[in-house]
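Notes to accompany the following structure.
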Amino acid sequence: MKTYKFKIKNLDCANCANELEKSLQKIDIIENVSISFMMQKLIFECAEENKEQALEKIRKVIKKEEPDVQLEEV
């Protein structure tokens, strides 16, 4: 497992961050998902070989729930 950190932009409120985090926790190939609204960060763990697939699933969930949010790898 490797930890990945992303800057999360255009997230409107702490409640939005909380709801988004709950949805991301349902993705089977990632673990220990955490969104910090104050720090504007998304952190998750997954196997290195699953990183691209994980990001694709994460982006799909974000697009559905918070279409204005953008991710940037840190």
Side-chain angles (χ1 to χ4, degrees):
M1 287 289 181
K2 186 170 178 185
T3 302
Y4 296 96
K5 297 177 184 177
F6 288 82
K7 182 128 178 95
I8 193 163
K9 294 182 169 185
N10 302 326
L11 195 55
D12 295 331
C13 66
N15 188 52
C16 298
N18 200 22
E19 292 299 315
L20 189 55
E21 183 179 298
K22 285 180 189 173
S23 295
L24 293 176
Q25 288 171 346
K26 296 175 185 173
I27 298 174
D28 57 351
I29 60 172
I30 63 176
E31 294 180 13
N32 300 321
V33 179
S34 167
I35 295 179
S36 168
F37 176 70
M38 294 296 285
M39 301 289 289
Q40 298 286 290
K41 288 213 171 144
L42 163 67
I43 300 171
F44 67 92
E45 292 179 3
C46 76
E48 259 183 278
E49 63 270 13
N50 292 336
K51 180 186 176 192
E52 291 308 314
Q53 184 183 4
L55 280 174
E56 191 176 307
K57 290 182 177 198
I58 289 168
R59 285 192 171 102
K60 197 178 236 182
V61 169
I62 289 173
K63 187 175 183 180
K64 180 180 173 196
E65 293 193 17
E66 295 290 331
D68 294 334
V69 168
Q70 298 173 349
L71 289 181
E72 284 183 12
E73 193 159 6
V74 181

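Positions are given from 1 along the sequence. Just so it is clear, the model here is predicted, and its values are computed rather than measured.
- Connection of Leu71 to Ile30 is established within a shared hydrophobic cluster, with ILVMFWY side chains joined at heavy-atom distances below 4.5 Å, either directly or through further cluster members.
- Contact check for Ile58 versus Phe44: side-chain heavy atoms found under the 4.5 Å cut-off.
- Here Asp68 contributes atom CG and Lys9 contributes atom NZ; the two are 13.5 Å apart, rounded to the nearest 0.5 Å.
- Between atom CD1 of residue Ile62 and atom CG of residue Leu24 there is a gap of 5.5 Å, rounded to the nearest 0.5 Å.
- Interatomic distance, Asp28 CG to Lys57 NZ, rounded to the nearest 0.5 Å: 4.5 Å.
- Interatomic distance, Asn10 CG to Gln40 CD, rounded to the nearest 0.5 Å: 8.5 Å.
- When all heavy atoms of Glu19 and Glu65 are compared, the closest pair comes out as O-OE1, 3.9 Å.
- Taking the side chain as every heavy atom from C-beta outward, Leu11 and Cys16 approach each other to under 4.5 Å.
- When side chains are defined from C-beta on, Val33 does not count as touching Ile43, because their heavy atoms never get closer than 4.5 Å.
- Of the inter-residue distances, the one linking Glu45 atom CD with Asn32 atom CG reads 4.0 Å to the nearest 0.5 angstrom.
- Heavy atoms only, all atoms of each residue included: Cys46 and Ile29 are closest at CB-O, 3.3 Å.
- With a 4.5 Å cut-off on side-chain heavy atoms, Leu20 and Ile8 count as touching.
- Within 6.0 Å of CD on Glu49 lie more than 12 heavy atoms contributed by other residues, nucleotides or ligands.
- Both Val61 and Ile35 belong to a common hydrophobic cluster when Ile, Leu, Val, Met, Phe, Trp and Tyr are linked at side-chain heavy-atom distances under 4.5 angstrom.
- Remark: Met1 CE to Glu31 CD distance equals 3.5 Å, nearest 0.5 Å.
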